[in-house]
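Letters A, B, ... mirror the listed sequences (proteins, then strands); counts begin at 1.
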There are 2 protein chains.
Amino acid sequence: MKVTLKDVAHATGLSVTTVSRALNGFDDVAIDTREHIMAKATQLGYAPNLNARRLKTQRADAFGLIVPNEDLRFSDPFFADLLSGVIDQIADYGLELNITTPTEKDAYLELYLNYIRSRRVDGFILVRTTADDPRIALLQDHNFPFVAFGRADETADFSFVDEDGTDGFRQAVDHLVALGHRRIACIAEPRTLTKSRQRVQGYIDGLMSNALPVDESLIVEGRFRQRSGRESTEQLLDLPNPPTAIVAVNDLLAIGAMSAIQDRGLTVGKDVSVTGFDDITLSNYVSPALTTLHMPAHDMGRQLCQNLHKVITSNGKERPQTIVVPKLIVRNSTGPV
Amino acid sequence: MKVTLKDVAHATGLSVTTVSRALNGFDDVAIDTREHIMAKATQLGYAPNLNARRLKTQRADAFGLIVPNEDLRFSDPFFADLLSGVIDQIADYGLELNITTPTEKDAYLELYLNYIRSRRVDGFILVRTTADDPRIALLQDHNFPFVAFGRADETADFSFVDEDGTDGFRQAVDHLVALGHRRIACIAEPRTLTKSRQRVQGYIDGLMSNALPVDESLIVEGRFRQRSGRESTEQLLDLPNPPTAIVAVNDLLAIGAMSAIQDRGLTVGKDVSVTGFDDITLSNYVSPALTTLHMPAHDMGRQLCQNLHKVITSNGKERPQTIVVPKLIVRNSTGPV
DNA sequence: CATTGAGGTCGAAACGTTTCGATTTTTCGG
DNA sequence: CCGAAAAATCGAAACGTTTCGACCTCAATG
């Protein structure tokens with residue numbers, strides 16, 4: 001049933017060595033022997049047994065992606081698009097993507113350790129990096145290739161793909177200030193997440209550069225996605241002096257905020273302006289369409305792979321760092337006061 | 001650096017065989033030898049080289065998932081949740097998930113063939129099944145384990161997880177008719193997709209069982225997601241005698257429809273009622289909240305794995321088939337005429 | 001005391017590649 | 001037409017497991 005190198009060797013009357021070298025494109029095989037071998041191989045339906053190859057070459061030809069199970073994960077469309085880019089690029093490289101998640105009993109870090117030791121992957125793609133991420137320390141200790149989605153801090157000397165969230169939020173605040181807004185609130189995720197922290201920083205920078213006061217009561221942090229967006233907004237609208245604009249750290253929070261505003265009979269873009277972050281497909285299809293910061297999620301996914309690939313092929317000498325600056329897309333959820 | 005069985009054998013003064021059997025829980029090693037070996041193994045940080053094991057055992061301990069690249073894929077939140085369930089269950093089994101996608105030059109089927117031959121996975125999870133799906137024929141030909149998400153037809157004798165979309169859409173139509181609607185339109189995806197076909201069938205059944213005429217001009221098919229929802233709806237509202245209700249084959253289409261309705265200054269749930277399908281998280285957070293059919297996406301993902309697992313462990317003798325009946329969730333996007 | 005059998009342990013082969021070094025064949029200048 | 005260099009091919013070892021059958025030890029049995 002299964003066709004091996006030996007079978008092809010028999011069928012062609014050549015040695016296993018020669019067949020192997022021919023199929024792998026070495027130049028010390030005569031041109032017509034190569035062709036003969038190739039023809040026979042496809043005729044027999046030969047495909048190399050990857051486990052044997054991996055054992056011998058000590059490479060897995062695979063990247064690993066361990067998704068945290070503590071949060072909503074894929075329910076974030078941005079992450080979904082990012083993943084889609086990762087998969088496309090990996091397929092282009094002819095590699096595999098190995099996705100897993102810690103089970104309850106697994107210690108998180110143990111799982112990484114096990115993956116390293118059992119040689120299942122050549123490198124990791126790290127998502128949802130936090131400040132002082134222990135995974136990064138672990139991987140660096142073991143000198144194991146990886147690329148992070150998001151910096152842990154500003155002095156990172158490893159490869160990553162990140163966004164300039166701070167710049168993005170400054171753009172959003174500038175846009176709202178230009179429209180005449182003075183009381184601008186911010187809906188954030190927990191600040192342990194690098195991503196959220198950077199964006200909030202941009203919010204604060206934006207206010208300050210426009211000479212506006214920073215009012216801590218206008219910054220609310222929620223754990224969940226749409227739900228938080230709605231609840232946080234209700235909380236903000238209940239303030240004695242409610243904001244006229246809300247910047248949310250991602251589109252889902254923004255959409256939750258919009259629904260809370262509309263449920264009170266207010267009009268988004270008129271009574272209260274709202275901005276998001278990520279520019280997920282949906283943000284163009286809610287009503288009113290959402291003003292947001294565009295991030296090329298799919299491309300960033302590809303970039304992650306490219307960077308990791310470079311780290312591995314350069315044997316750790318290169319550690320490419322990519323920073324993407326978001327672009328403000330003005331739609332109808334923001335308007336003059 | 002890397003620790004092998006031989007290292008553990010040396011460290012304990014035992015043979016490789018014994019160490020292997022001890023770590024794999026065979027009962028022919030003395031209880032204290034086993035403990036000694038286990039202790040030493042963890043002390044040294046031993047983890048089996050999976051590539052060697054796989055070569056020897058001829059099992060990959062991995063499932064494969066090849067996502068089509070021709071459509072939007074992950075931008076469907078339902079699919080994202082499904083995938084999340086798949087990953088959780090696979091992790092519980094201690095297996096791997098191998099995700100890939102055809103590159104442009106790859107013939108779609110060739111990729112499956114290559115995966116089978118190179119022994120990278122023990123079975124496939126098939127998504128986006130179509131009527132007369134060639135992948136199913138291929139896998140059956142090769143006697144290779146798989147589970148399909150969606151039946152190809154009604155006489156399937158392979159393992160699958162599917163929904164009763166027909167029943168679901170009947171529920172939606174009944175609900176709308178009870179509210180007094182008589183002109184009900186349907187926004188579908190291409191009918192080559194089993195999923196869409198079943199749902200449209202439910203729409204037709206529902207009309208007929210309520211003694212309503214089936215008007216072909218009220219059934220529109222679009223290729224894309226939110227965009228199609230919007231465009232199809234505009235087309236419907238332009239009809240000389242427009243519908244008072246729209247059933248969409250998924251939530252994203254429904255949300256697109258809602259935005260088209262609202263853009264014309266009409267009120268969803270009052271002037272035009274809208275229903276969706278899937279009950280993605282978001283549908284509860286748009287305004288008005290969407291009436292839809294709930295599908296347990298995450299659980300269905302787990303079920304896919306469980307079924308595939310059963311197919312493999314039973315050596316193809318068992319081929320579990322699972323059908324999930326959706327549940328109507330009434331929210332505010334539907335109301336009396 | 002000799003025999004049996006169970007309980008432990010082990011050596012060696014095999015899984016299907018890749019690759020080093022050696023060997024055979026061809027080419028070609030002198 | 002010789003001999004050396006270049007081209008083409010090959011044998012065998014190795015990667016790290018699992019597993020079959022053999023082996024050894026020792027207690028129990030007749």
query: With sugar-phosphate meaning primed atoms plus P, OP1 and OP2, does A:Asn24 contact a base, only sugar-phosphate, or nothing at under 4.0 Å between heavy atoms?
result: sugar-phosphate
- request: May I have the step-by-step check of side chain to side chain contact (heavy atoms under 4.5 Å, CB included) for B:Asn98 and A:Leu97, ending in yes or no?
  value: CA-CA 6 Å; B:Asn98 188 306; A:Leu97 179 64; over 6 Å; no
- request: Taking A:Thr18 for its side chain and A:Leu14 for its backbone only, find out whether a donor-acceptor pair lies under 3.5 Å.
  value: no
- prompt: Can B:Asp92 and B:Arg302 be counted as an ion pair, charged N to O under 4.0 angstrom?
  reply: yes
- prompt: Taking atom P of D:dC15 as reference, at what distance in whole Å does atom NZ of B:Lys6 sit?
  reply: 6 Å
message: How many whole angstroms separate atom CG of B:Asn51 from atom P of D:dT18?
response: 13 Å
task: Provide, to the nearest angstrom, the distance between the CG atom belonging to A:Leu14 and the C1' atom belonging to D:dC10.
output: 10 Å
- prompt: B:Asn307 and B:Gln303: side-chain donor and acceptor closer than 3.5 Å?
  reply: yes
message: Parallel, tilted or perpendicular: which one describes the rings of B:Phe124 and B:Tyr115, with boundaries at 30° and 60°?
response: tilted
- request: Please determine if A:Glu110 and A:Arg117 form a salt bridge, counting it only when a charged side-chain N lies under 4.0 Å from a carboxylate O.
  value: no
message: Is there a side-chain contact between B:Thr18 and the phosphate of C:dC10, meaning an N or O under 4.0 Å from OP1 or OP2?
response: yes
- prompt: Is a side-chain donor-acceptor pair under 3.5 Å present for B:Thr17 with B:Ser20?
  reply: no
- request: Any pair with a residue in residues 34-51 of chain A that passes side chain to side chain donor-acceptor pair (under 3.5 Å), sequence neighbours left out, goes on the list, sorted by first then second residue, please.
  value: none
statement: The answer to which of B:Ala52 and B:Thr17 contacts DNA chain C further toward the 5' end, by nearest nucleotide, is B:Thr17
task: From the options B:Val121, B:Asp122, B:Leu138, select the one residue that forms a side chain to side chain contact (heavy atoms under 4.5 Å, CB included) with B:Phe144.
output: B:Val121
- prompt: For the helix from C:dC1-D:dG30 to C:dG30-D:dC1, what is the angle between the axes at its two ends, each from 5 pairs, rounded to 10°?
  reply: 50°
- prompt: Would A:Glu96 and B:Arg120 pass as an ion pair if we require N to O under 4.0 Å?
  reply: yes
query: Once you round it to whole Å, what is the distance between C1' of C:dT19 and CG of A:Leu23?
result: 15 Å
message: Around atom CG of A:Asp141, are there more than 12 heavy atoms from other residues, nucleotides or ligands closer than 6.0 Å?
response: yes
message: Between A:Arg54 and A:Asp61, does any NZ, NE, NH1 or NH2 come within less than 4.0 Å of an OD or OE carboxylate oxygen?
response: no
Between N or O atoms, less than 3.5 Å apart, protein on one side and nucleotides 4-6 of chain D on the other: list the pairs.
none

message: Tell me whether A:Thr101 contacts the main-chain N or O of A:Val67 through its side chain, where contact means a donor paired with an acceptor under 3.5 Å.
response: yes
- line: The reported gap from CG in A:Asp133 to CD in A:Gln140 (rounded to nearest 0.5 angstrom) is 10.5 Å
- request: Supply the atom-to-atom distance A:Leu55 CG to A:Gln58 CD, rounded to the nearest 0.5 angstrom.
  value: 6.5 Å
query: Rounded to the Å, how far apart are B:Leu5 CG and C:dC10 P?
result: 13 Å
task: May I ask you to say what B:Ser20 touches in the nucleic acid, namely base, sugar-phosphate or nothing, with a heavy-atom cut-off under 4.0 Å?
output: base
query: Are the ring centres of A:Phe158 and A:Phe146 closer than 6.0 Å?
result: yes
- prompt: Can you check the A:Arg53 CZ to D:dG16 C1' distance for me, whole Å?
  reply: 18 Å
- request: Report the distance from atom CZ of B:Arg54 to atom P of C:dT17, rounded to the nearest whole Å.
  value: 16 Å
message: Counting C-beta onward and ignoring hydrogens, is there a side-chain heavy-atom pair between A:Glu163 and A:Ile323 closer than 4.5 Å?
response: no
message: Heavy atoms within less than 4.0 Å of DNA chain C: which residues of residues 55-64 of chain A have one? Give them sorted by number.
response: A:Lys56, A:Thr57
Polar atom pairs (N or O), protein with nucleotides 24-28 of chain C, under 3.5 Å:
none

statement: Whole-Å distance, A:Arg21 CZ to C:dG16 C1', equals 17 Å
- request: Specify the residues of residues 27-42 of chain B, ordered by number, for which at least one heavy atom lies under 4.0 angstrom from an atom of DNA chain D.
  value: none
